[in-house]
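For reference, the structure discussed in these notes is given below.
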Amino acid sequence: MARPTVQDVARTAGVSVGTVSRVLNGSSAVSAAAKEKVKAAINELSYRPLASARDLRRDRTMRVLALAKNLDSLVISEVFRGVGDAAADSGYVSLIAATDGDLDREQQLVDMLRNGSVDGLVIFSPTMPDEDVNTVAEQLSVIQVCEIVDAEAAFGVSIDDRRAAYDITKHLIDTGAKKLAMLAHRGARSGRLREEGFRQALKESGLESDQILFGEGNFGFHAGRDLTKKLLEAKDLPDAVFCGTDVVAAGCVRELTDAGLRVPQDIAVAGFDDSAQAEMCVPELTTVRQPAYEMGRVAFAELLERMTVEGSHRKGRTFLPHELVIRDSTK
C-alpha cells in the first residue's frame with residue numbers, strides 16, 4: 001500500500017496543502033475547525049509528517065531562497081529563522097542571501113528561481129521596482145514577508161503597520177502627551193504606513209504635529225541621534241517621540257539624555273519592533289512587538305502551497321497580530 005502523502009491529507013480533510021502545512025508547522029493562522037479536520041485526516045491515514053520530503057514532486061530541488069537587503073536586524077533574523085524551521089519541517093533547505101540594496105545582485109539571486117536552482121523565493125524588502133516584483137510573482141513561486149511592496153501578485157505576510165503605529169501613538173496620547181513628534185523613514189512601505197498611522201491617531205485626537213523628521217540612508221542609531229538633534233533645535237519641544245524602529249529610538253534616548261533631558265519625565269520615547277535594543281536601552285523602551293518568527297513560518301506555508309498545488313496563486317495580504325509592549329520609556 002502506498003505511503004499517504006500531504007496531498008492525500010489535504011483531500012481527506014477537504015482543505016489546501018498549504019493549510020495542512022500550516023497545521024504541521026504549528027502556525028496560528030489556521031481556524032480551529034480546519035485544524036481538527038487536518039488532525040483527523042492525519043490519524044485516519046496514519047500520515048507521517050517527517051516523510052513529507054518524499055511526498056513532493058521528484059523534479060524539485062527542495063531548496064528555497066530567502067532574500068533581504070541586509071541581515072543585521074533581529075526582525076529579519078527571526079523571520080528567516082521561521083522560514084528555515086518551517087522549510088526543514090517540510091523537507092526543504094532554505095538558502096539565505098543579502099543584497100546590500102544592490103539591484104544587480106538581487107536580480108542575479110532572483111535568477112536562481114527563474115533557472116530552477118531553487119523552487120521558491122521569500123522576499124524581505126526587495127530593491128527591484130514594485131512592477132518587477134509583481135511580474136516575477138505572476139510567473140513563479142514568490143512570497144513577500146514583513147517589509148512588502150505594492151505587488152499584489154506576490155502574496156504578503158506582515159503585521160498591519162498602519163494600525164500598529166496608530167496604537168502606539170494613541171498610547172502616547174493616553175499618557176498625556178499633547179505635542180508629539182515622529183522620527184520616520186520613507187524608504188520602505190512599512191515606514192510610510194507607520195507615518196499614516198501616526199497622523200491618523202493625531203487627527204482623531206484633535207492634535208497636530210509639524211515635527212515629523214525623515215531619515216535618509218541607514219535608518220539606525222546614528223540617524224536617531226541626528227534627527228533628535230534637529231528636534232532639540234526647535235523652541236517648542238515635544239512631549240513624546242515615536243520612532244520608526246527601536247534602534248532609532250535608542251539613538252533618540254541617548255541624544256536626549258546627553259542634552260540633560262529625562263526620559264520619560266521630560267520627553268517620552270517609543271520605538272518599534274521589540275528588538276534586543278528595546279530592553280538594552282536605559283530606560284527600557286516601549287515598543288511594538290512583531291511576531292517575526294511566526295511570520296516566517298506562515299510565509300513558508302504560503303510558499304509551499306504555491307510550489308506544490310497547481311494553480312494555487314492566492315493574492316493579497318495576511319496580517320498577523322502585533323502587540324504593544326509598555327516599558328519605562330513612556331511611563
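All values below were derived from every heavy atom in this structure, side-chain atoms included, with hydrogens, water molecules and symmetry-related copies excluded.
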(message) What I want to find out is whether Asp167 reaches Lys170 closely enough, with some N-O distance under 4.0 Å, to be called a salt bridge.
(response) no
(request) Measure across Thr169 and Ala165 and return the closest heavy-atom pair with its distance rounded to 0.1 Å. (result) OG1-O, 2.7 Å
(request) Flag the pair Leu109 / Met112 as yes when at least one side-chain heavy-atom distance between them is below 4.5 Å, and no otherwise. (result) yes
(message) Is it the case that atom NZ in Lys37 sees more than 12 heavy atoms from other parts of the structure closer than 6.0 Å?
(response) no
(message) Would you say Leu193 ends up clustered with Ile76 if hydrophobic residues are merged whenever their side chains have heavy atoms under 4.5 Å apart, either directly or through other cluster members?
(response) no
(message) Checking side-chain contact (heavy atoms from CB on, under 4.5 Å) between Leu183 and each of Leu231, Ile212, Asp226, which is the one that passes?
(response) Leu231
(message) Given 3.5 Å as the limit, does a donor-acceptor pair link the side chain of Asp119 with the main chain of Met62, or not?
(response) yes
(request) Indicate yes or no: at least one non-hydrogen side-chain atom of Leu65 is less than 4.5 angstrom from one of Leu113. (result) no
(message) Is the shortest side-chain heavy-atom distance between Gln277 and Leu285 below 4.5 Å?
(response) no
(request) Using atom types as modelled and distance alone, determine if a side-chain donor or acceptor of Asn115 lies under 3.5 Å from a backbone N or O of Ser117. (result) yes
(request) Test Arg306 against Phe155 for side-chain contact (heavy atoms from CB on, under 4.5 Å), laying out the working first. (result) CA-CA 10 Å; Arg306 265 187 197 214; Phe155 189 84; 3.6 Å; yes
(message) Under 4.5 Å between side-chain heavy atoms, counting indirect links through other Ile/Leu/Val/Met/Phe/Trp/Tyr residues: same cluster for Leu320 and Ile168 or not?
(response) yes
(message) Which heavy atom of Gly220 sits nearest to which heavy atom of Val247, and what is that distance?
(response) C-CG1, 3.8 Å
(request) Flag the pair Ser329 / Pro283 as yes when at least one side-chain heavy-atom distance between them is below 4.5 Å, and no otherwise. (result) yes
Donor-acceptor pairs under 3.5 angstrom involving side-chain atoms of residues 128-135: please list them, not counting sequence neighbours.
residue : atom : partner : partner atom : Å
Asp130  : OD2  : Asp150  : N            : 3.4
Asn134  : OD1  : Glu152  : N            : 3.1
Asn134  : OD1  : Ala153  : N            : 2.8
Asn134  : ND2  : Glu138  : OE2          : 3.4
Thr135  : OG1  : Glu131  : O            : 2.9

(message) So Leu172 and Asp239, do their side chains get closer than 4.5 Å, heavy atoms only?
(response) no
(request) Kindly compute the distance separating OG1 (Thr286) from NE2 (His171), expressed to the nearest 0.5 Å. (result) 4.5 Å
(message) Just verifying a value: how many Å separate Ile143 CD1 and Met295 CE, rounded to the nearest 0.5 Å?
(response) 14.0 Å
(request) Give the minimum heavy-atom separation between Ile148 and Val145, together with the two atoms involved. (result) CG2-N, 3.8 Å
(request) Measure from NZ or CZ of Arg194 to the centre of the six-membered ring of Phe272, then state whether that distance is under 6.0 Å and the direction lies within 45° of the axis. (result) yes
(request) Considering non-hydrogen atoms only, spot the tightest contact between Ala250 and Cys281 and give its length. (result) CA-SG, 4.1 Å
(message) Can you tell whether the side chains of Asp258 and Arg254 come within less than 4.0 Å, N to carboxylate O?
(response) yes
(message) Looking at every heavy atom in both Thr330 and Thr175, which two are closest together, and how far apart are they?
(response) O-CG2, 3.7 Å
(message) So Pro238 and Leu180, do their side chains get closer than 4.5 Å, heavy atoms only?
(response) no
(request) Could you state whether Leu261 and Val282 fall into the same hydrophobic cluster, counting links through intermediate Ile, Leu, Val, Met, Phe, Trp or Tyr residues with side-chain heavy atoms under 4.5 angstrom apart? (result) no
(message) So that I can tick it off, tell me whether Arg199 and Glu195 are bridged by a salt bridge, with the cut-off set at under 4.0 angstrom between side-chain N and carboxylate O.
(response) yes
(message) My understanding is that only one of Lys203, Glu196, Glu204 makes a side-chain hydrogen bond (donor to acceptor under 3.5 Å, both in side chains) with Gln200; could you say which?
(response) Glu204
(request) Mind listing the closest non-hydrogen atom pair of Asp161 and Cys146 along with its distance? (result) OD2-O, 4.4 Å
(message) Test your reading of the model: is there a side-chain donor-acceptor pair from Thr61 to the backbone of Arg63, 3.5 Å cut-off?
(response) yes
(request) Quick one: pull up CG in Leu45 and OG1 in Thr12 and give me the separation to the nearest 0.5 Å. (result) 4.0 Å
(request) Check whether any side-chain heavy atom of Leu303 sits under 4.5 Å from a side-chain heavy atom of Ser141, and report yes or no. (result) yes
(request) Please answer: with hydrophobic residues joined when any side-chain heavy atoms are less than 4.5 Å apart, are Leu324 and Phe198 in the same cluster? (result) yes
(request) For the pair Leu304 and Tyr92, evaluate side-chain contact (heavy atoms from CB on, under 4.5 Å) and give the outcome as yes or no after the intermediate values. (result) CA-CA 10 Å; Leu304 180 64; Tyr92 278 82; 3.8 Å; yes
(message) Working note: Asp85 + Tyr293, criterion side-chain hydrogen bond (donor to acceptor under 3.5 Å, both in side chains); need CA distance, chi angles, decisive distance, verdict.
(response) CA-CA 9 Å; Asp85 286 354; Tyr293 179 78; 2.7 Å; yes
(request) Any chance you could lay out the side-chain contact (heavy atoms from CB on, under 4.5 Å) test for Gln144 and Val149, step after step, and finish with the verdict? (result) CA-CA 8 Å; Gln144 296 192 83; Val149 300; 3.3 Å; yes
(message) Nearest 0.5 Å, please: how far is NE2 in His322 from CZ in Arg163?
(response) 7.0 Å
(message) Return the OG1 to CD distance between Thr99 and Gln107, rounded to the nearest 0.5 Å.
(response) 10.5 Å
(request) Report the distance from atom CD of Glu323 to atom CD of Gln290, rounding to the nearest 0.5 Å. (result) 12.0 Å
(message) Do Ser73 and Asp273 have side chains that approach each other closer than 4.5 Å (heavy atoms only, starting at C-beta)?
(response) no
(message) With side-chain contact (heavy atoms from CB on, under 4.5 Å) as the criterion, how do Ser94 and Phe300 come out once you've worked through the C-alpha distance, each side chain's angles and the decisive distance to 0.1 Å?
(response) CA-CA 10 Å; Ser94 59; Phe300 178 79; over 6 Å; no
(message) Please determine whether residues Met280 and Val75 belong to a single hydrophobic cluster, defined as Ile, Leu, Val, Met, Phe, Trp and Tyr linked transitively by side-chain heavy-atom distances below 4.5 Å.
(response) no
(message) Taking salt bridge (charged side-chain N to carboxylate O under 4.0 Å, His left out) as the definition, give me every residue that meets it alongside Arg327, ordered by chain and number, with sequence neighbours left out.
(response) Asp274, Glu284
